[in-house]
Amino acid sequence: SSPVPRKLFGEIRTPGYPKPYPNNNISIWDIRVPEGYVVKLTFRYFDLEPSETCFYDYVKIKADKKSLGRYCGQLGSTTGNHPGRKEFLSKGNRMHLAFHSDFSNEDNGTVIPYRGFLAYYQAVDLDECDPNNAAEKDEGPQCQHFCHNYVGGYFCSCRTGYRLQSDHHSCKVECSSELYTEASGYLSSPEYPQPYPEDLRCNYSIRLQKGLSVNLKFLEPFEIDEHQQVHCPYDQLKIQVRGREIGEYCGRVSPGSIETNSNEVDILFFTDESGFSRGWKIHYTSEKIRCPQPVPRDQFTIIRNPQPVYQFQDYFIVSCKTGYNLMEGNRKLMSFTAVCQADGTWHQSMPRCEIVNCGNPTDLTNGAFSYVNQSANNIYQSVITYRCNEPYYHIVTGTGGDRFTCSPEGTWVDQDGQARIPACLPVCGKPVNPITEFQR
Amino acid sequence: ILGGKSAKRGNFPWQALTNIHGRGGGALLGDRWILTAAHTIFPKGAGGNNVSLDQLAEEADIFLGHTKVEELHKMGNHPIRRIFIHPDYNPQDEHNFNGDIALLELKHAVTLGPTVLPICLPDTTNTTFYMDGHLGYVSGFGVEKNFISNHLKYVSLPAVAREKCQHWLDNKKGDMPMVFSENMFCAGYPTGKQDTCQGDSGSVFTVLDRGSGRWVATGIVSWGIGCAEGYGFYTKILNYVDWIKGIVRED
């Protein structure tokens, strides 16, 4: 009995081969090749004493705890069991040969020199991925998902969304940190629309650039285990926006479409240890985040070229009607522009429009002014009239006359738009009390 | 004023009382000019004419707004900023009062009212005011019956034809060869007792323009031979209107 060294090939020969083998010989060979290989044995030369059922001399081949046959005889002999060119293949990496010769090789008193056999074996790669090559019939597949054979071995891999476990064989769903950064896409529960696995702790994160808003649209079918009385006790689909939960869903009624107004959305999916619901699928899209529609604070405010929708980086310009000033607090503004920011807010709040005030009119030396309008104030479109202290002075005006109006620019101007006020000039030669002669 | 009457307040609101080299008069133009005679500032033959105009302006007293001298003084004087003497006036020539006209610019404009009002200047196209017999009025604080008056007086005098003035003057020429230039006119009566006199110099001879209803200054009391002994001679303002406007408007 001699163990054959773990080589990739070799030969087995009967003792003394090519000389006739001795009588009363029992030779055993244990062929072993490296793991990942199987043994393939062929007889190059086979010449044993033939007998019925190989009763006298024989070689017995065994592998994988099964007999591969008992052989004897010569090529062309009517009795015996010559192996011919047969290839003996093990399932494992071992093969056992046992040779037995009886006490003689005489036939009718004549010694016939049977020379024995010469056999070659080689290690053949075992395709571990072939289920037919399973060592045990009740063994399952080598890998839960994908099996990859190579010379001398094999390895397993998993489908997308699964992770190979430490046993290098089984696959478990990997959905704890799925990241989506494209402007649009699809995400779904594992195996969708097939029932999702149990014990899931999935986290799908959508992260887009600032200024974009994610919109979620649930597709059909939508099935998550539920309870009639208790809200989502078994499995839950949660949606978080910037860390804040905005909804928890289960059941068979789709949430429809959700506008998140955020560039950061997380979808969490938790399942318990059982259930046969088909899960969910979401088509997400993105658009520039919207800002609230600008609303004037008063009836004198004008929003230039208003748009039906304002989105990130859009802006609007505000002005006032004629005779009104843009004001922010107590400060007068020359202009106003607000830009829609990435967070959906305007970078400045809406100003207000305040009526122009021209202030007190310039006093007229040797004269006075009076208000034409009843309200007697200095606001836009108020009107005053200048006059002189008659009869000692007379008024001299420009071509615009003696009426001054509070202009949109905040100045008092005459009808020609000039700001220069009239002048009171002396009246000459008009004594109030001239001399009167009586006696003639 | 000889042979005149007392003026009431408001009769001659343009009348100014001056005290530069003694009593004189003037007339308000606009609200900050005083029209007067140049010789009230640079008297003829006076040795002190070396004083500068600035100093004279500083020292001159001008009063407005009343008919009584005492009340005028109480109301306070109106300081002068500048003095303009007509370039034709020659203080050295005692016999020639040609160019006897000056303007005084007040430092502060006066507020007009019933007792302070300006006189008008004549329209340069209208010469009727100087025609023989055209009546005018002269007011002043000058001598009356040998006493300087403390009250504003006025007298009505007719303008006289140039020939009459010259003829009368020629008869007087033997004693004093006075010049009667075209820039003068005379008014009054050859033997009448109504005339202007010392202290009235600088006051204005005014006429009522009935067309406009305004009183117009046609002359400035300038010189005479005695008082109430014949005609009085006045600077003809009509010939100086451009000069006056040139100064007043420029300012």
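Values below: all heavy atoms of this structure, side chains included; hydrogens, waters and symmetry mates excluded. So you know, we letter chains A, B, ... as the sequences are listed, proteins then strands, and number each from 1.
Residue B:P13 touches chain A through its side chain alone, counting heavy-atom pairs closer than 4.5 Å. Using a 4.5 Å cut-off between heavy atoms, B:V110 touches chain A through its backbone atoms (N, CA, C, O) alone. Of the two parts of B:T115, neither the backbone nor the side chain holds a non-hydrogen atom closer than 4.5 Å to a non-hydrogen atom of chain A.
Atom CE of B:M75 has more than 12 neighbouring heavy atoms from other residues, nucleotides or ligands inside a 6.0 Å radius. The number of heavy-atom neighbours closer than 6.0 Å to CZ of A:R207, taken from other residues, nucleotides and ligands shown, is above 12. Taking a 6.0 Å sphere around OH of A:Y371, one finds it holds more than 12 heavy atoms contributed by other residues, nucleotides or ligands. Surrounding CD of A:Q209 are at most 12 heavy atoms belonging to other residues, nucleotides or ligands under 6.0 Å away.
Between A:Y393 atom OH and B:D31 atom CG the span is 5.5 Å, to the nearest 0.5 Å. In this structure, the separation between CH2 on B:W14 and SG on A:C428 is 9.5 Å, given to the nearest 0.5 Å. The structure places CD1 of A:I435 at 4.5 Å from OH of B:Y137, a figure rounded to the nearest 0.5 Å.
For the pair A:N366 (side chain) and B:L112 (backbone), a donor-acceptor distance under 3.5 Å is absent. A donor-acceptor pair under 3.5 Å links the side-chain atoms of B:N11 to the main chain of A:N433, judged by distance alone.
Residue B:W215 comes nearest to A:P434 through the heavy atom pair NE1-CB, 4.2 Å, listed as atom of the first residue, atom of the second, then distance. Taking every heavy atom of both residues into account, B:G10 and A:P431 meet most closely at O-CB, 3.3 Å. Taking both residues in full, the closest heavy atoms of B:G30 and A:P426 are given as C-CG, 3.5 Å, listed atom of the first, atom of the second, then distance.
Applying the side chain to side chain donor-acceptor pair (under 3.5 Å) test to pairs two or more places apart or on separate chains, those with a residue in residues 400-411 of chain A are A:S407-A:E409, A:S407-A:T411.
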